[in-house]
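Here is how names work: the chains are called A, B, and so on, in the same order as the sequence lines, proteins then strands, and each is numbered from 1.
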Amino acid sequence: MSSIVWFRRDLRVEDNPALLAGVRAGPVFAVFVWAPEEEGHYQPGRVSRWWLKNSLAHLDSSLRSLGTCLITKRSSDSVSSLLELVKSTGATQLFFNHLYDPISLVRDHRAKEVLTAHGVTVRSFNADLLYEPWDVTDDNGRPFNTFSAFWEKCLSMPFDPEAPLLPPKRIVSGDVLTCTMDPLVFEDELEKGSNALLARAWSPGWSNADKALTTFINGPLLEYSKNRRKADSATTSFLSPHLHFGEVSVRKVFHLVRMKQVLWANEGNKAGEEGVNLFLKSIGLREYSRYLSFNHPYSHERPLLGHLKFFPWVVNEGYFKAWRQGRTGYPLVDAGMRELWATGWLHDRIRVVVSSFFVKVLQLPWRWGMKYFWDTLLDADLESDALGWQYISGTLPDGREFDRIDNPQFEGYKFDPNGEYVRRWLPELARLPTDWIHHPWNAPESVLQAAGIELGSNYPLPIVGIDAAKSRLEEALSEMWQLEAASRAAIENGTEEGLGDSTESVPFAFPQDIQMEENLEPARNNAPAATRRYQDQMVPSLTSSFLRGEHEEPSSSLRTSAEESRAEVPRTVNINREPQRDTLNQGIPETAHNENSFPQLNFPMGLRNAEDSTAESYSSSSRRERDGGVVPVWSPPSSGYPEQFIGDENGLSVSSSYLQRHPRSHQIVNWRRRLSQTG
DNA sequence: CGAGCTTTCAT
DNA sequence: TGAAAGCTC
């Protein structure tokens, strides 16, 4: 009875229930299918592919030491590839671990149906979450709509998250010679050069993830609450890319961190205890992102709340480009964007700063920004990024108020009080005194001169003034309400479908070619040719090669500064991370020790005889009953934009039912009233 | 000590 | 904005 263990974003041998099920069942074929075209707009970006490549190599060598290897397949259709594999190997079982992004939900469901129809026993497991989304509900069995309620419930569940499983001691390999392997190509020649630097700062792979975890728990975790506001990322866990690819189990993270917390609680170490709570909260946000995606499978491209449906987003490629290049004239924003481009990494706080600037000050459609994050972040994660951008855009029931603009100048002094972060990533501002570092436009001419800065020449003036942004936002909102009212009136009169739909039905595709030829000087206050569109726009398709060409375009000072920044990456990051490496090595035996000492907890029987209950809950029949959890109809990317996106039927039903059953939706109305009264 | 004022921070 | 935490007299 040989089985296929289908690896996806669970690239580890420890605490991997699918792998363990395979090992128990007999000979194992461990498989990874590379089918990026299935992801549509969201094919992994350059750095993400780099990570994947290395992580797979790491997994392969681990599997080899256990007795088998990783079979790699290049495919445009994962399910067909699995089916072929079943036929060539004679495997009778398929095991995999759950994923919760919209595309995986559909694909995995199909895999189950198709392979079951071919007589294969298919079983799937939870390996990515503390609790399955369908297990966390309110007293009426309905899903939560706010993070805090969700997380409170998670922390007070009657059963603990499953204790992590030990890795198998040995794997009996299936006859690998019966299957052909495809070499997988994750980077082209040009990308190799850019990627070379990444290896100096990051080590993908499950055992490195383990080391990163140990290092974090024994170091920065203690001061997590104190340091979490610093833009310099030395105090974060650096676990997010590891977690994204499932190199470390979130349940292991949870248990180890919890044990540390108990220890600190006994010592009366309040700061440590608090640090753990905060860190666990960020783990909780990751959980919540999957939860949202499962319950609202379109959250990566459609707002959960519909109240911004008529918002006139500013369609300005100049703004978009200035933002990407770190040339907005706001040092904290620009430093963040340069760091992101150079390293694929950004501290969580800075992600909030740059994305909030994007949405509120530039008023660009959030999905563009999300797509750029997706293309450039090392830990790009569809569910987490969707949660983040929706939160910033105020389209979640517990998101930020839309009319509140954060001032990058003040945030600069909060997160980077001495300007070190800005100086590292914006060499052109390096000589500017701290007093002016976050608002150079106010600096006296003599100061600027002494620092070698000529605003508008080697560093831009603010692309939009904050005050201008505020009034522009108010105007846009009142325009939105007018449109909304008009639309409602039209619907009530029974005439047509409402005003908005005429503009909305025009699909707005991102203007790819415009970007290339644009001049590099970012748009200024006069907002040239800023068009507004009344639809939350389509995702721009930025291929990585396209981005690369653009950024390496010979040009003014940006090129030099970007290059300098990039050259600086390994040095900077190494300084921060080197000490970790040292502690790491000492940490290894300790980890091994800890692995064996996980408390073996007893779970209420019947709740957790994992495979069957999860497999059942995951099937479409049970999902259809779930509110908002209708299995999305997935269409292949070749057919262009999924029609449900434009057709809006799904979107409206998601958001209107959402509004109906969510009490806080009233706040949208109140908020609107309030603003029009004061403004 | 604690009423009132200021600052911080939101998922 | 508003709740919580911090600060002052």
Side-chain angles (χ1 to χ4, degrees), chain A residues 129-130 133 136 143-155 224-231 236 240 270-271 273-275 277-296 299-300 303-305 307-308 332 346-360 366 369-370 373 379 381-417 470 473-474 477 658 662-679:
Chain A
L129 294 176
L130 300 176
V136 187
F144 291 103
N145 293 320
T146 59
F147 170 71
S148 55
F150 164 82
W151 188 230
E152 211 173 291
K153 175 74 185 203
C154 285
L155 290 175
Y224 194 76
S225 61
K226 203 172 75 189
N227 289 332
R228 88 206 135 102
R229 43 167 54 222
K230 295 279 278 234
T236 63
S240 55
K270 283 275 176 237
E273 236 189 308
E274 186 56 18
N277 281 336
L278 277 163
F279 176 68
L280 286 180
K281 194 172 149 191
S282 63
I283 294 290
L285 280 166
R286 180 183 173 280
E287 297 272 311
Y288 190 57
S289 72
R290 271 87 180 134
Y291 187 77
L292 269 189
S293 176
F294 178 80
N295 287 307
H296 307 277
S299 58
H300 64 304
L304 243 61
L305 294 181
H307 64 294
L308 294 181
L332 187 64
L346 214 46
H347 189 287
D348 182 56
R349 293 282 147 163
I350 307 302
R351 295 184 196 202
V352 171
V353 169
V354 300
S355 55
S356 154
F357 185 86
F358 184 93
V359 173
K360 311 283 182 68
W366 60 269
M370 186 182 138
F373 269 25
D379 59 2
D381 181 285
L382 201 56
E383 297 96 306
S384 288
D385 291 347
L387 172 63
W389 282 90
Q390 293 232 23
Y391 163 66
I392 294 297
S393 310
T395 53
L396 294 178
D398 49 359
R400 296 193 149 192
E401 300 261 332
F402 191 76
D403 58 326
R404 170 144 273 95
I405 289 187
D406 301 305
N407 190 323
Q409 175 185 338
F410 302 148
E411 288 179 318
Y413 286 107
K414 214 154 76 180
F415 302 136
D416 181 33
K470 277 181 185 158
L473 191 59
E474 275 179 33
L477 283 170
Y658 200 87
H662 199 273
R664 269 202 58 169
S665 61
H666 298 304
Q667 199 179 333
I668 291 153
V669 181
N670 291 339
W671 162 65
R672 176 185 159 185
R673 220 173 267 145
R674 195 181 68 228
L675 241 184
S676 52
Q677 275 164 6
T678 52

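The closest donor-acceptor contact from the side chain of A:Ser293 to the backbone of A:Ser289 lies at 3.5 Å or more, if one exists at all. Listed for the A:Asp398 side chain is a donor-acceptor partner under 3.5 Å among the backbone atoms of A:Phe147. In terms of modelled atom types and a separation under 3.5 Å, the side chain of A:Tyr288 and the main chain of A:Ser384 share no donor-acceptor contact. Looking only at distances, a side-chain donor or acceptor of A:His307 sits under 3.5 Å from a matching main-chain atom of A:Gly394.
Side-chain atoms of A:Ser240 and A:Asp379 form a donor-acceptor pair, as typed in the model, at a separation below 3.5 Å.
Interface limits on DNA chain B: the 5'-most and 3'-most nucleotides within less than 4.0 Å of chain A heavy atoms are B:dT8 to B:dT11.
Once rounded to the nearest 0.5 Å, the distance linking CG of A:Leu155 with CG of A:Leu280 reads 7.0 Å.
DNA chain B lies under 4.0 Å from at least one heavy atom of each of the following residues of residues 279-286 of chain A: A:Lys281, A:Leu285.
The side-chain hydrogen bond (donor to acceptor under 3.5 Å, both in side chains) check on A:Gln390 picks up A:Thr395, with sequence neighbours excluded.
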